[in-house]
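Right, one structure below, let's go through it.
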Amino acid sequence: MIVSWMTTNECNLRCKHCYQDASTSQEHELTTEEGLALIDQIAKAGFKIMIFSGGEPLLRPDIFELVAHARQRGLRPVFGTNGILITEEVARRLKDCGAVAMGISVDSLDAGKHDEFRGLEDAHALTMAGIENCKKAGLPFQIHTTVVDWNRNEVCDITDFAEGIGAIAHYIFFLIPVGRGAYIKETSLEVRENEDLLRAIMAKQAQVSIDVKPTCAPQFTRVAKQMGIDTRFERGCLAGLTYCVIGSQGLVRPCAYMTEEAGDVRKQPFDEIWRESAVFQTLRSQAYKGACGTCDYRDGCGGCRARAAYYHEGDILAQDDYCAHGQKLL
């Protein structure tokens with residue numbers, strides 16, 4: 001079970017696709033004390049992996065204290081970060097306080113394209129420096145890439161790059177039109193393009209020694225089975241089943257790309273929200289509609305619930321239209 005806490009909305013980049021529209025910290029973000037209590041409740045709920053994300057989580061001055069507490073409570077603290085703030089000292093402190101892996105964003109092997117997408121000159125060089133500092137500290141890291149139309153042809157090259165520099169995995173995020181991403185949805189892939197890229201990614205998985213995982217493209221589980229490719233990931237969409245997110249102000253949602261609220265940790269303990277929320281209960285029914293409801297691969301895939309809701313007026317059980325199999329395009 002995995003939970004992601006968006007520790008702050010503050011960020012040192014202005015990425016075009018940002019689902020949170022992150023820039024400055026929001027009013028009334030969870031305090032250190034509230035964060036420590038939240039971690040206790042997450043552990044009580046039975047979660048094993050805790051993602052510290054943002055915004056940019058390394059901008060929180062109490063981040064090391066929070067990570068250390070998560071580790072003490074038996075959680076595996078990991079990060080979603082742009083890597084720019086990972087100096088040698090920061091990498092060492094993260095490892096010392098119990099962080100087990102850093103997820104670092106690299107969207108292109110072309111520095112100029114990466115910088116333009118991330119909204120900061122030299123972002124690529126600074127991220128590469130952060131990766132080197134992780135390596136010096138012995139802090140494991142994986143590469144995260146967001147797929148848009150202009151970088152789709154280098155996604156598998158980034159996998160090779162990730163393996164070559166010592167990453168433990170390459171997670172590939174398929175764009176969902178929320179936050180600032182809503183304004184660039186025209187750059188997201190079409191259904192058949194999605195399918196073709198998933199097949200290329202699964203073929204690459206068979207060639208490399210690291211985990212390669214498409215995220216927000218749960219159809220990869222079907223594609224892997226159809227291609228006879230082994231992957232340790234057995235389930236596509238995890239939202240509300242074994243995964244959820246907590247916003248910087250304490251609002252709980254099934255995933256980062258869904259707007260449906262499951263509860264507020266300032267009003268109800270997180271472990272109760274996870275156990276009792278009506279939104280989570282609905283998702284756990286897996287009573288999918290349309291093509292997702294009749295699909296032979298529904299138990300492994302589940303369709304992207306965020307896309308289902310976005311394209312079907314908030315219906316989180318609707319079919320995921322971004323599926324070539326469901327659309328009978330294969």
Side-chain angles (χ1 to χ4, degrees), residues 1-43 45 47 49-67 69-70 75-86 94 99 101-105 118-119 144 146 171 173 175-182 215-216 238-240 242-270 273-274 277 279-280 305-306:
M1 289 169 49
I2 306 169
V3 62
S4 178
W5 176 23
M6 300 172 187
T7 57
T8 180
N9 198 62
E10 185 177 2
C11 192
N12 52 343
L13 294 183
R14 297 295 180 270
C15 304
K16 289 186 175 181
H17 65 294
C18 182
Y19 58 82
Q20 265 196 270
D21 197 12
S23 56
T24 58
S25 59
Q26 297 174 325
E27 292 185 4
H28 309 304
E29 293 186 337
L30 296 181
T31 65
T32 301
E33 291 71 22
E34 289 173 321
L36 295 173
L38 172 61
I39 290 168
D40 291 340
Q41 295 161 15
I42 288 170
F47 283 78
I49 299 174
M50 182 169 183
I51 304 171
F52 290 87
S53 66
E56 174 48 59
L58 292 175
L59 286 170
R60 274 195 72 124
D62 59 357
I63 194 66
F64 303 107
E65 179 182 359
L66 295 168
V67 170
H69 188 66
L75 296 166
R76 290 175 55 80
V78 300
F79 274 71
T81 173
N82 56 52
I84 288 174
L85 299 178
I86 306 178
L94 285 167
M102 307 299 290
I104 300 177
S105 299
R118 292 282 164 176
H144 292 173
T146 295
Y171 278 31
F173 292 78
L175 183 68
I176 292 182
V178 296
R180 285 200 288 270
T215 298
C216 302
L238 306 177
T242 59
Y243 172 79
C244 71
V245 301
I246 304 161
S248 64
Q249 296 172 312
L251 296 178
V252 181
R253 306 197 309 275
C255 84
Y257 305 103
M258 296 179 72
T259 58
E260 291 76 15
E261 294 178 4
D264 183 340
V265 300
R266 282 182 164 140
K267 297 179 180 178
Q268 184 180 15
F270 171 79
I273 294 172
W274 176 251
S277 167
V279 172
F280 291 152
R305 295 301 97 210

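Here the structure is a predicted model, which is why all the values come from computation and not from measurement.
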Item to check | Leu30 CG to Arg60 CZ distance, which is reported to the nearest 0.5 Å | outcome: 7.0 Å
Next on the checklist: If I take atom CG from residue Leu38 and atom OG1 from residue Thr31, how far apart are they, to the nearest 0.5 angstrom?
Outcome noted: 10.5 Å
Checklist entry - Mind checking whether Pro77 and Met50 have side chains closer than 4.5 Å, heavy atoms only? => result no
Checklist entry - Looking only at heavy atoms, which two atoms of Ala306 and Ile176 are closest? And how far apart? => result CB-CD1, 3.8 Å
Checklist entry - Within a strict 4.5 Å, meaning less than it, do heavy atoms of the Leu58 and Phe52 side chains meet? => result no
Item to check | All side chain to side chain contact (heavy atoms under 4.5 Å, CB included) counterparts of Asp264, not counting sequence neighbours | outcome: Leu251, Arg266, Lys267
Checklist entry - Just how far is it from atom CD of Glu29 to atom CE of Met6, taken to the nearest 0.5 Å? => result 12.0 Å
Checklist entry - Nearest 0.5 Å, what's the NE2-CE distance between His144 and Met102? => result 10.0 Å
Checklist outcome for this item: Between the CG atom in Leu75 and the CE atom in Met1, the distance rounded to the nearest 0.5 Å is 10.5 Å
Checklist entry - Can you check whether Asp40 reaches Leu36 side chain to side chain, under 4.5 Å on heavy atoms? => result no
Checklist outcome for this item: Between Tyr243 and Ser4, the two heavy atoms sitting closest are OH-CB, 3.7 Å
Checklist entry - Do you know the tightest heavy-atom contact between Phe280 and Ile273? => result CD1-O, 3.6 Å
Checklist entry - Which heavy atom of Arg253 sits nearest a heavy atom of Cys244, and at what distance? => result O-CB, 3.4 Å
Next on the checklist: Rounded to the nearest 0.5 Å, what separates atom CG in Leu66 from atom OG1 in Thr7?
Outcome noted: 8.0 Å
Item to check | Side chains of Thr8 and Glu56, donor plus acceptor under 3.5 Å | outcome: no
Item to check | Stepwise side-chain contact (heavy atoms from CB on, under 4.5 Å) check, Leu94 with Phe79 | outcome: CA-CA 10 Å; Leu94 285 167; Phe79 274 71; 3.7 Å; yes
Checklist entry - Would you say Trp5 and Val265 make side-chain contact, with heavy atoms under 4.5 Å? => result no
Checklist entry - With side chains defined as the heavy atoms from C-beta onward, is the minimum distance between Trp274 and Val3 less than 4.5 Å? => result no
Checklist outcome for this item: On a heavy-atom basis, the closest approach of Phe47 and Thr242 is CE2-O, 4.2 Å
Checklist entry - Minimum heavy-atom separation for Pro254 to Val279, with atom names? => result CG-CG1, 3.5 Å
